[in-house]
Structures are given as C-alpha cells and as structure tokens.
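Okay, structure first, notes after.
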Amino acid sequence: MSFLTIGALGFGALLGAFLAANAVDTGILAYGLLLVVFCVVGVFWVMRRGDDTGGPADPNSAIPYNDAVVRAGVIASTFWGVVGFLAGLAIALQLTFPVLNFDLPWTNFGRLRPLHTSAVVFAFGGNVLIMSSFHIVQRTCQARLAGGWAPWFVFWGYQLFIIMAATGYLFGITQSKEYAEPEWYVDLWLTVVWVVYLLVFLGTLWRRREPHIYVANWFFLAFIVTIALLHIVNNLAMPVSFFGVKSYSLFAGVQDALTQWWYGHNAVGFFLTAGFLGLMYYYVPKQAQRPVYSYRLSIVHFWSLIFLYIWAGPHHLHYTALPDWAQTLGMTFSVMLWMPSWGGMINGLMTLSGAWDKLRTDPILRMLVMSIAFYGMSTFEGPLMAIKAVNALSHYTDWTIGHVHSGALGWVGMVSFGAIYFLAPRMWNRSRLYSVRLVSTHFWLATIGIILYITAMWVSGIMQGLMWRSYDSLGFLEYSFAETVAAMHPFYLIRTIGGGFFVAGALVMAYNVFRTARGDLREERPYESEPVPVPA
C-alpha cells in the first residue's frame, strides 16, 4: 500500500512541477511549487513510517483503531482555532480603530475578513469535524478506519487546502463568493480530498462489526455528501487559463446569487449544524455517562432537518431581484426549521436527565451543555430573522453578525472545545487532562466573551437598522451613513473586548492540551460534590 501512496505523491509532484513551469501568473507558480514541496515531503514521510499508519492510543485496545490521525486532528484543530480567533480579534480591532488597517494591501480588513471566516469555519471547524468523525465512526462501528494511508491523505490534503486558500486571500486571489472564496484550482484539490474522505467514512461503515449505524454517523454522512454536492455545483467555473488563477462562474445574475446562497446557507446547515450534531450525539452521552434521551427523536430530528434545511437559502435574498415566490419559499422552510432544531436541542438537554448534578463538577460537560443552549437560541433567532418583516430591519446590519457568532462561537465553538477536551487525554493515553480547573477558566472566559460580543451586535444592529429607516418631516433620511457608523463605535469596542475574552480562553485550551500531551498533571483541588447547607 505504501508503494501506491508513494506513486500517487510522485505523480502529484510532477503535476505541481508542470503547473509551475507553465504558469502565466505568480499565483499558479507559487501553488505549483507548494504542491511539489507537499508531495516530496509526503514521500519521505511515508517512507519513514513504512506501513505504520497509526495504532490505538491505548496499547491494550482489543481493536487496532487508527488514533494517530485523530491525535493529529486534535493538534491541528487547536492550532487553527487559535489562528482563526486571533484573525477575528485583529479585524474587530480594525473596525474599532480604522488606523490599524495600515497601508499594506494584504493586511487590510477586506483581505483579513475572509481569512478569519475560512480559518474559523473550515480550518478550525473542518479539522474538528474530520477528527471527531474519524474517532466516532471507529468507536461506534468497532472497526479500524478504512483505507490504510487514505485517512492521512485526507488530513494532510485538507491542511494543504487551508494553506492554499489562506494565502490566496492575503494576495487578493478570490472569486468573491461568501464561504467559497478560493479559486478553481483550490476547489479542484478540495474535491479530490473530500471524495477520499467520503470513501474512508463509507469504507469504515462497510466493515463495521456493530450491525446498527449510530445516529451520529447519519449526521456525519449527510454532512459529507451534501457539502460535496454544494461545493461542486456552486464552484462550477471556467478558468481563463489552466495555468492562471482567474476564472469565471458558470452562473450569472440572479441565478448566481441563488446558487451562492443555496450553497452559503447550507454550508451553515450541513457543515456547521449537521456535522456538529454528530459530535453532540456522541460526546454529550459519553461525557454525561447517560444514554441519548430518545433515539427515536434523534431519527426524526435527522430526517426532518436534512429535508428542510436545503430549501431555506433564499431567505438571504429578501427584497432582491429573486422572484417573490422563491423568497417566500425560503422564509417558509426557515420557519419550519425551528421545530426539528429544537427537537434536537431538547434531545441533547434531556440526555442529562438524572445527571444534572454533574454540571457542578464537570466543566467539560458544562461546556457541551452550554453549546446546546446556544444551538437552541440561534436556531430560534434564525427563523425569526428569515421572516420578511423582521428581515427588512435586520438584513445588512450587525444584528446578522451577532446571530452568526451566537451560532459559530456559542454552538460550534463550545461543542468543539468539549470534543477536544474529551479526546486530548484519551488520544495520548493519559489518566486525565493536565488541569480540569483550567477547563472551567476557559468556559467562563468564552461565555463572557460570547455574551459581550452578541449583545453588543444585537444592540448595534437594531440601532443601525432603525437609523437607516428613519426619515425627517420632509421625507429625507434623518441620518447619514457616516452618522450610523459613528453611533456604532462603542458597540464595536465592546465586541473587541468580548473577542479578547474568547481568544484568551482558546489560548488557555491550547496550553492545557499541550501540557496534557506531554503527560503533565497539575496539582489542584479536585471538584467535589459538596453538600448544600440547609438553613436552620
């Protein structure tokens, strides 16, 4: 198998050299050389490891799980999380203090903003999903990951995608589509990586020893398949030259807008919702040591969510050239989404029935439960904002920013942190985390940061929308655009402070994971269930 892997990497190196030799711009030249370096380093790495693709973290494990790739995922997720959050703090500072945009083109807000978005969503979130899906599918199937070196190709190939996309943003190489900024050659590379990811996941399900497919794997499979469909269709484009970076989309006008937001909303729906629900349905019961409250409800949750979500994208295009019936369709399905979303929230919270006392002594479980609470809040707010009358006030304002970050930081961030804390001691075969009390510190730093962030954006956004629609007695706009920007400044400062808290929490997590991997144990007073004094 290693010879086949080396052959594939050798072909990749030749392809990279061919692209670099025929490049018509510096972009393709740089990425061709990057592909050569990636493949050459990969050849030496495979030769050094031989046929050792990774064994279980616990040498006494009865099943030879591939935990090495999961362990690498824990490191990558932690690293990219810190990078993405720091980029977010940087652009929050730029909005608060515009002088920080500097004169260099690759450091201004316009280029750092998509870098932050992709670093958090795809670099941090994507690595968490790949890492956790590889861990969960092995445990729930009682089988080793399929494919030999294929899981490693998925992991390292995905890191190469992240680097190619991020550097492209900084140098202004973009197709200007929300959540889909990378150009055609990056999209092609990601497609190859994603197909291998799907095959690894399906192969593991195929070789399972457990006859039942656990619900978390249904959510992961829906996430992988749907993201592949969305990615391919939305990124259909014709390159100006196969040796240059520029391309033109297959779609134009309102068709392009509808296709983009069919992709954009469902990137949120299946990447940031369905995938992370797979985490919820495994790590919450495991950490709480309780069975899922209702397995039947989880199946209803799954089928209703994936059917309804795919139709909700048009609500991003209210009051545009999109036909009114399409706008109404998107609004209707968005409102209907509230029911399965809250069904999943209730299922997650009720899993703690009989174990609520654990929240006092287990900060990891507290973090996971907080993520479910934010999931419920953001999935109520989303359908509310999809209603046309509400959207007329909220669209294009900071209210949308607050909503997105309540889901991204509160739901995705918290459940990801919980998964990393769950996996870190197990993947390095440690008795526990370096410090459980630092998890509690992280929990409070993150929670305070999220609350400061989203409340500031709610107030700022509603104020912004009201100022935009305010008219004087003569029918003229009462406020100029510059006046609305000046009025939002205090709230931008609060958002920056909230982001600082959140970044501080992520740094605490990185330190905790690092010390755990080293095998260190902090001497600290353990959490105890102390009796509550009864008043006389």
Side-chain angles (χ1 to χ4, degrees), residues 117-118 121-122 125-130 132-134 137 150 153-154 157-158 161-162 165 175-206 213 215-239 247-252 254-278 301-317 322 326 329-330 333-334 336-337 340-341 382 412:
T117 304
S118 291
V121 174
F122 297 116
N127 272 291
V128 167
L129 287 169
I130 292 171
S132 57
S133 62
F134 280 170
V137 74
F153 172 78
V154 174
Y158 196 75
F161 153 71
I162 293 167
Q175 60 179 355
S176 303
K177 289 189 172 187
E178 184 78 5
Y179 307 127
E181 289 92 350
E183 271 288 2
W184 63 275
Y185 52 93
V186 184
D187 294 330
L188 283 176
W189 175 254
L190 179 59
T191 302
V192 173
V193 172
W194 208 258
V195 168
V196 176
Y197 180 26
L198 174 62
L199 293 175
V200 169
F201 196 84
L202 287 174
T204 310
L205 290 174
W206 181 264
I213 298 178
V215 66
N217 293 322
W218 284 101
F219 278 101
F220 283 129
L221 195 57
F223 137 70
I224 297 169
V225 171
T226 310
I227 289 298
L229 174 66
L230 296 166
H231 171 75
I232 291 171
V233 174
N234 189 52
N235 289 295
L236 290 173
M238 177 58 71
S247 68
Y248 287 96
S249 174
L250 177 68
F251 308 102
V254 73
Q255 290 84 6
D256 186 39
L258 181 57
T259 306
Q260 159 58 28
W261 282 111
W262 169 74
Y263 164 88
H265 186 79
N266 290 297
V268 174
F270 286 86
F271 202 95
L272 298 179
T273 303
F276 286 94
L277 285 169
H301 176 206
F302 171 78
W303 286 110
S304 55
L305 189 83
I306 66 167
F307 174 73
L308 294 176
Y309 232 121
I310 205 77
W311 300 93
H315 77 231
H316 289 266
L317 296 169
L322 191 71
L329 180 75
F333 275 89
S334 299
M336 291 166 66
L337 265 174
S341 298
V412 173

Checking the side chain of [X] only, and the main-chain atoms of [Y] only, is there a donor and an acceptor separated by less than 3.5 Å?
X	Y	result
S133	I130	yes
W184	M238	no
Y158	F122	yes

[Y] side chain reached by [X] side chain, heavy atoms, under 4.5 Å:
X	Y	answer
F302	L277	no
I162	N127	yes
L308	P340	yes
V215	H301	no
W262	V233	yes

Partner set under side chain to side chain contact (heavy atoms under 4.5 Å, CB included) for [X], not counting sequence neighbours:
X	value
V137	C141, L145, F201, T204, L205, N217
W303	W218, I299, I306
S341	L305, Y375, T379
W311	F307, L329, F333

Would you list the pairs meeting salt bridge (Lys or Arg N to Asp or Glu O under 4.0 Å) in which at least one residue belongs to [range], sequence neighbours left out?
range	result
residues 226-238	none
residues 191-203	none
residues 178-188	R113-E178

Run the side chain to side chain donor-acceptor pair (under 3.5 Å) test against [X] and tell me which residues pass, sequence neighbours left out.
X	value
Y263	none
Q255	none
Q260	N234
S334	H315

Would you name the heavy atoms of L258 and P314 that are closest together and state the gap between them?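 L258 and P314 have their closest heavy atoms at CD1-CG, 4.0 Å.
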Indicate the ring-plane relationship of W261 and Y179, choosing parallel, tilted or perpendicular according to the 30° and 60° boundaries.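 Aromatic pair W261/Y179 classed perpendicular.
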Evaluate the ring planes of Y197 and W194, with Trp represented by its six-membered ring, and classify them as parallel (under 30°), tilted (30 to 60°) or perpendicular (over 60°).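 Answer is perpendicular, since the angle exceeds 60°.
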Can you name the ring pair (Phe, Tyr, Trp, His ring centres under 6.0 Å) partners of W189, sequence neighbours left out?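 W189: ring pair (Phe, Tyr, Trp, His ring centres under 6.0 Å) contacts with F153.
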